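A short write-up of the structure that comes next.
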There are 2 protein chains.
Amino acid sequence: MAFASSPAGPEVAPPDGRQRILDEAAALFLERGYAATSLRHIAAAVGMKAGSLYYHFESKEALLGEILRQGIAVMVEAFEAAEESTRGEPARVRTEAHVRAHLAALFENGPYTAAHVTSFRTAPDSVVAAIVPERDAYEARWTALLAELQRSGELAAETPIGLARLILFGAMNASVEWFDPERGSLDDFASEITRQFWVGVSAR
Amino acid sequence: MAFASSPAGPEVAPPDGRQRILDEAAALFLERGYAATSLRHIAAAVGMKAGSLYYHFESKEALLGEILRQGIAVMVEAFEAAEESTRGEPARVRTEAHVRAHLAALFENGPYTAAHVTSFRTAPDSVVAAIVPERDAYEARWTALLAELQRSGELAAETPIGLARLILFGAMNASVEWFDPERGSLDDFASEITRQFWVGVSAR
DNA sequence: GTCTATACCACGATAGAC
DNA sequence: GTCTATCGTGGTATAGAC
């Protein structure tokens, strides 16, 4: 309804052409994996023939590269929004906001971030090499956040930041394998993962 | 040396035939993914031709199925060893032993468990269906362990067991993407992941 | 138990019409 | 911007010699 009754704005128009292909390809890469998804399959999902894809992308690898990059962009955007909305808040509140933002990137803002997380490890070397710097930059933001919380004395001084980030990322990213946003609340999930990360599971 | 100087026993002999193929295939599936690994590639790693693989396996999918099953078997064995060696110990000690056992399955007992973890999500439906019961059984053991620790009052009563298990599994399994057993100590890693799971990262 | 040879198919990619 | 048609390659799988 919003689309039919509102003037055609770039933010509500259904994606077409290039972006439409990326949307369908990201969803298929997420569901079946990059290597198992053929260009004919992607083209069929978009409603065109395989050869036509080459008007928009120079190769299947280039298509994957673009998806991986957009997956990072979505994460970075979510991170920055969490930064701004929680400046000056206590460490645990900020952490939960960032966890919620990362989960939103995985489950609420299109298939790009989830496709990135599931496809990165086995992506062709040349594709990986091109996006490693952007990935590192995102990870560095998290490391900086945790270091800041540690400096403020709210995060335990003995906790190794690098390992803590990897453990938290692991817990969050692995949820693409089992979390279904239709059946569970992302807010509740973000809250619980933050609670376990922050104070653990022991009775005290 | 152990091999050359000791009588040929089944436990030290290098694998041959069927198991040798499984070893190489599991390593390749782990490294490059199932769909991206061809039978010709596997055969070359073993030192034979692709057609010869069909003497040992009826299809590529059957080969994957066997690898996924062995991946579970390795986890189950490690779990049971941890059970027996820590009966009656405090909750945190038992938890750490089981975390260490799961990590050993991932990094020290061949590529089967790691290949399972990385290949399961995008494995063909028929292959997945056949091993789901065994997977569920392994997960049920962990759920039972955590429930027992909760009944004993050492694990917080308000912690949802199912979610705690998924978060812990996520943190452990995701480490196949970054942990290198040649560079880091698995004992230290198991200890730190258990500490974070158990008491969290907050300064208190 | 492994080989050679090959069938058959789907893949990524290109050329040129429209 | 999408189509049809096709190229060359490499995929899984099979048959039969050794």
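Quantities reported herein were computed from a predicted structural model and do not represent experimental measurements. First the proteins, then the strands, lettered A, B, ... as listed; each starts at 1.
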Subject >> side-chain contact (heavy atoms from CB on, under 4.5 Å) evaluation trace for A:Tyr34 with A:Leu28 >> reply: CA-CA 8 Å; A:Tyr34 169 73; A:Leu28 287 168; over 6 Å; no

Original post:
Which nucleotides of nucleotides 8-15 of chain C have their base under 4.0 Å from a protein heavy atom (B), which only their sugar-phosphate (S), and which neither (-), written as one string 5' to 3'?
Top reply: ---BBBB-

Subject >> Aromatic ring proximity, centroids under 6.0 angstrom, A:Phe79 and A:His98 >> reply: yes

**OP:** Taking the side chain as every heavy atom from C-beta outward, state whether A:His102 and A:Asn173 have any pair of such atoms under 4.5 Å apart.
**Re:** yes

Original post:
Looking just at side-chain N and O atoms, do A:Glu66 and A:Gln19 make a donor-acceptor pair shorter than 3.5 Å?
Top reply: no

Original post:
Any chance the side chains of A:His116 and A:Arg69 put a donor and an acceptor closer than 3.5 Å?
Top reply: no

Original post:
Between B:Phe189 and B:Trp178, does the ring centroid distance fall short of 6.0 Å?
Top reply: yes

Subject >> Helix axis bend for the helix from C:dG1-D:dC18 to C:dC18-D:dG1 - C1'-based end axes, five pairs, 10° rounding >> reply: 10°

Original post:
Is B:Glu108 atom CD crowded by more than 12 heavy atoms from other residues, nucleotides or ligands, each under 6.0 Å away?
Top reply: yes

Original post:
First and last nucleotide of DNA chain D in contact with chain A, 5' to 3', at under 4.0 Å to a heavy atom: what are they?
Top reply: D:dG1 to D:dT4

Original post:
Does the pair B:Ser202 and A:Phe197 meet the rule for a side-chain contact (heavy atoms from CB on, under 4.5 Å), with working shown?
Top reply: CA-CA 8 Å; B:Ser202 79; A:Phe197 180 66; over 6 Å; no

Original post:
Name the one of B:Leu146, B:Ile161, B:Thr159 that satisfies side-chain contact (heavy atoms from CB on, under 4.5 Å) with A:Val201?
Top reply: B:Thr159

Subject >> Working for side-chain contact (heavy atoms from CB on, under 4.5 Å), residues A:Tyr54 and A:Glu58 >> reply: CA-CA 5 Å; A:Tyr54 286 85; A:Glu58 71 171 2; 5.9 Å; no

